[in-house]
Number of protein chains: 2
Amino acid sequence: MRLSKRGEYGLRAMIDLASWTQDGRVISIKAIAERENIPVKFLEQILLAMKNGGLVNSRMGASGGYYLAKPAAQITLGQIIRLLDGPLAPIRCVSQMAYEPCSCPDESTCGLRSVMFDVRNAIADILDHQTLADVVHGQPGNNLKLNEMSKS
Amino acid sequence: MRLSKRGEYGLRAMIDLASWTQDGRVISIKAIAERENIPVKFLEQILLAMKNGGLVNSRMGASGGYYLAKPAAQITLGQIIRLLDGPLAPIRCVSQMAYEPCSCPDESTCGLRSVMFDVRNAIADILDHQTLADVVHGQPGNNLKLNEMSKS
DNA sequence: CCTATATTCTATTGTTTTAGTAGGACATTT
DNA sequence: AAATGTCCTACTAAAACAATAGAATATAGG
């Protein structure tokens, strides 16, 4: 159930962009990498992928850099993670974007599938509604349960 | 965010055990593997791990096999997944059982961390409350959201 | 125009994880 | 004693992960 470093770095970089960008300014890979403790060349790839995915834009050359392609309130964490790490769903047979049949004889009566469907939705409910703007402004998650004692 | 085959097979095997076991009977690896389409030798390892983890017991020798170590209502999917795949948390710094500090300067104000904390709790809320008995008897998940349009 | 500073793009590398396989030792039933 | 199980360790091929390397290209500023 874990997020890769690629996904984590991508999220941190986007949050960084969202919090440091104002008006027409751009931010260099190096600046982000230093603030967020991310290997420069690795971050380079990640930002490139996000550019190709339409989440950021860039200005080349000296004093160039990156900026969000859309307002921070229109970019969700779900979009970023899907782009960098693939589907949110724990198993393919409950994924909307990358569905594949599983091995069970009948999906409609598969107990495991229905639980995993719930898990997928719980994850997507959070990640598809939390925007970069929410994260930057410390918006509390709408699914937060305080009195939760389970160990993850 | 995905479940490994090891985890998936383990869950399927446990659900199989929960639904086919009655009174003092045991079920062989081969029988489970055939019903659930799991490679026999792989399942062997998985069941062994679950035995060492205290979730199942076994009877050796001819006509031996496995059975649940506890009533199905006392085994949660969370226990199984943690045993086979490790922590449910997307990143270590929000894990209870395998906490590690992340790279950010201050965890208490880290926006990413607080979102991932919510995600961890959402996953654990489901997986730590759904028992094998629930799954076998088609208990609906308590976190199911029907009108959900997001793609996973 | 030239240089320093950026992004762009592709390839390569080392490590770890995943998903099994193989094979023999040991226990129990028949 | 043979058949049928679990137990246990080691091994392996392939994929995923986490970078690194290096050259090409673009632009600002002097």
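Taking for each of A:A62 and A:G7 the nucleotide of DNA chain D with the nearest heavy atom, the 5'-most of the two is the partner of A:G7. The residue among A:E44 and A:S63 whose nearest nucleotide of DNA chain C is located toward the 5' end is A:S63. Along DNA chain C, the nucleotide nearest to A:S28 and the one nearest to A:R2 differ in position, and the one closer to the 5' end is contacted by A:S28.
One interatomic measurement links the two molecules: CE of B:M60 to P of C:dC26, which rounds to 10 Å at whole-angstrom precision. The interatomic distance linking B:E8 (CD) with C:dT18 (P) rounds to 14 Å, in whole Å. Distance, A:I29 CD1 to C:dC9 C1': 12 Å, rounded to whole Å. If you measure from atom CE of A:M50 to atom P of C:dT7, you get 13 Å, rounded to the nearest angstrom. Rounded to whole angstrom, the span from the NZ atom of B:K51 across to the P atom of C:dA27 amounts to 12 Å. The CG-C1' distance, from A:N52 to C:dT7, rounds to 12 Å in whole Å. Atom CG of B:D85 is separated from atom C1' of C:dT17 by 11 Å (rounded to the nearest Å). When the C1' atom of C:dA19 is taken as reference, atom CG of B:L84 falls 14 Å away, rounded to whole Å.
Inter-residue side-chain proximity for A:M50 and A:I46 is flagged as met; some heavy-atom pair is nearer than 4.5 Å. Between B:L11 and B:V135 the shortest side-chain heavy-atom distance does not fall below 4.5 Å. Looking at heavy atoms from C-beta onward, B:Y66 lies in side-chain contact with B:L48 at the 4.5 angstrom threshold. In this structure the side chain of B:L68 reaches within 4.5 angstrom of the side chain of B:V56, judged on heavy atoms.
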Set out, in order, the CA-CA distance, both residues' side-chain angles and the distance that settles side chain to side chain contact (heavy atoms under 4.5 Å, CB included) for B:S19 and B:R35, then state yes or no.
CA-CA 12 Å; B:S19 57; B:R35 274 196 295 267; over 6 Å; no
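Across all strands, B:G61 comes closer than 4.0 Å to base atoms (heavy-atom distances). A:K30 comes within contact range of no nucleotide atom at all, as no heavy-atom separation falls under 4.0 Å. At a threshold of 4.0 angstrom between heavy atoms, the contacts of B:L47 with the nucleic acid are absent.
With A:I75 as the fixed residue, the side-chain contact (heavy atoms from CB on, under 4.5 Å) test singles out one of A:L132, A:L17, A:T131: A:L132.
Nearest nucleotide to the side chain of B:K41, out of C:dA22, C:dG20, C:dT29: C:dA22. Each of C:dA4, C:dG20, C:dT8 was ranked by its minimum atom distance to the side chain of B:Q45; first place goes to C:dG20.
Residue B:R59 holds its CZ atom at 9.5 Å from CZ of B:R25, rounded to the nearest 0.5 Å.
B:Y9 has no side-chain polar atom (N or O) that falls below the 4.0 Å cut-off from OP1 or OP2 of C:dA19.
On the nucleic acid side, DNA chain D contacts chain B at distances under 4.0 Å to non-hydrogen atoms, with the end points of that region at D:dA3 to D:dA10.
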